[in-house]
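All values reported here derive from a predicted model rather than from experimental measurement. Letters A, B, ... mirror the listed sequences (proteins, then strands); counts begin at 1.
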Amino acid sequence: MMKILTSTAALLLFLAIWQILCSGDKPSLPPPLRVIWDTRVLILDPFFNHGGTDKGLFWHILASLQRVIVGFSLAAIVGVAVGVLIGTSRFIYDALDPLFQVLRTVPPLAWLPISLAVFRNNEPSAIFVIFITAIWPIVINTAVGVQQIPQDYKNVAKVLKLSRWEYVTNVLLPATVPYVFTGLRIGIGLSWLAIVAAEMLIGGVGIGFFIWDAWNSSLMSEIILALVYVGIVGLLLDKLVAFAGKLCVPGGQDL
Amino acid sequence: MTTFLDIDHVSKIFPLAAGGRYIALHDVSLQIHQGEFVSLIGHSGCGKSTLLNMVAGLDLPTEGRVTLEEQEIRRPGPDRMVVFQNYSLLPWKTVRQNITLAIDSALKHLPRGERRSIAEHHIDLVSLRAAADKYPAQLSGGMKQRVAIARALALRPKVLLLDEPFGALDALTRGNLQEQLMQICQENHVTCLMVTHDVDEALLLSDRVVMLTNGPSAEIGQILDVPIPRPRHRLDVVNHPSYYTLRNQIIAFLDQQKRSKQLKRQTVAAA
């Protein structure tokens, strides 16, 4: 409760300072009250749809979310599978780890030209950018999780002579789940970062395009409103994955 | 009595990372009879857990062999179930699930209903009925170890291997569990091999106490018969006329091992 009070107070203080600093004649940024006034139509009716890219913010965010969900889901499936594979085999790990370490440092947008060249279409290219951005933390964390399975559990499995399948379902997967979700949380955050940037370049409906479009029309207030929404949605995505993690991690393990 | 578990001239040598090798155990021979309770005692690092692991099949001897009912042990199996020091329960499974996983995988040949009733019987055996649906994280150390013991006994192992099973428990819990284990083993004629560094625990539970010398090249230094009649109770054991003689023998052996280790170290330092 105290925490909510202090953070609300800090937020109000921040807005107040912003309001004061930007309230001169022709400021380079509109102050918060100005932002709310300028964007009142967008705030009050996020669901309008005038066709084309002239839509309410709800539709833009929904379009971005759809891309993220498709790209991120693919990354989760492939990432966990590859992570388990390289985590189980030292040989494959040694072979692929250097490659992954290089690829994961490539900035998301740098993949866009390549994916555009391969897919020749905006939509799959954007999804590919999400996929390739989210997959590395998932792969790497899953692999670490598999490698970190305590020797005790492996010994139990050996003494009980668990079959390969029994071992995977009873020991390997549950032991790795907390690590997988760490990877998924980092992955969803990166996906959301990447989609906004990618949409600025590929256009179409989407919150990234909305921001770029507003910039081209010099609508600073709309940009600021969109940034607030982007931040909130990003936070919700993170909390959602964390919540799913809590549900999936059985038996009082810590995430 | 015929030999049941035979540790036959077993040596264990570990290759070192820097090259060279470390001789952990040298030429250890020990025969254990069916229904016997044998303790391995020695200072830490003397290779007693290594010896236990070789009986479990988690480790293989470099020389010599271990046989159980004349079958050479080459891999782990549920007929030599281990109770590990740190319990080794799967934290994402409840007490009941931990036990049933073991039963379901090791006793596949039994019908489902029978496997269930074995699980329930062993939950009762260690008095964990009230905690059957709890996760290990919700249990005390003593309760976790009781789950591990129940899981091990449920498989009807030919040999029960205990690796410092009560080492992490407080004295009161340890005492209770020791008596419970003793009673269960007695009633079910379980053959046990236990690693411990607790002299009183070894005397209370064992028919024979095997003392290992300090490593490297640890060997069996002395084997002590414990002629205290069963069923035993803690007080009877402590009051038994031979108890302090036996206890002193073990402590004298361990002291002597400690001194020879210090002596070795001093010689090395002087050289």
What residues of residues 107-130 of chain B sit under 4.5 Å from chain A when only non-hydrogen atoms are counted? B/Lys108

Counting only non-hydrogen atoms closer than 4.5 Å, can you tell me which residues of residues 145-165 of chain B sit against chain A? B/Arg151, B/Leu155

Just how far is it from atom NZ of A/Lys154 to atom OG of B/Ser88, taken to the nearest 0.5 Å? 13.0 Å

Walk me through whether B/Phe84 and A/Asn155 qualify under side-chain contact (heavy atoms from CB on, under 4.5 Å). CA-CA 9 Å; B/Phe84 298 94; A/Asn155 281 344; 3.7 Å; yes

Give a yes or no on this: more than 12 heavy atoms of other residues, nucleotides or ligands lie within 6.0 Å of atom CH2 of A/Trp59. no

One option among B/Ala106, B/Ala102, B/Ala56 has the most heavy-atom pairs under 4.5 Å with chain A, and it is B/Ala102

Side-chain touch B/Leu58/A/Lys158, heavy atoms, less than 4.5 angstrom: yes

If I take atom CG from residue B/Asn86 and atom CG from residue A/Asp152, how far apart are they, to the nearest 0.5 angstrom? 4.0 Å

If you define the side chain from C-beta out and look only at heavy atoms, does anything of B/Ser105 sit under 4.5 Å from A/Tyr167? no

Do B/Pro78 and A/Lys161 come close enough that some side-chain heavy atom pair is under 4.5 Å? yes

Would you say A/Phe14 has more than 12 foreign heavy atoms packed within less than 6.0 Å of its CZ? no

Is the closest side-chain heavy-atom distance between A/Glu166 and B/Asp104 below 4.5 Å? no

Kindly indicate, with the supporting measurements, whether the criterion side-chain contact (heavy atoms from CB on, under 4.5 Å) is fulfilled by B/Met81 and A/Val159. CA-CA 6 Å; B/Met81 190 59 198; A/Val159 173; 3.5 Å; yes

Please determine whether the number of non-hydrogen atoms from other residues, nucleotides or ligands lying under 6.0 Å from atom CD of A/Gln151 exceeds 12. yes

May I ask you to decide if A/Val171's main-chain N or O and B/Trp92's side chain share a donor-acceptor pair within less than 3.5 Å? no

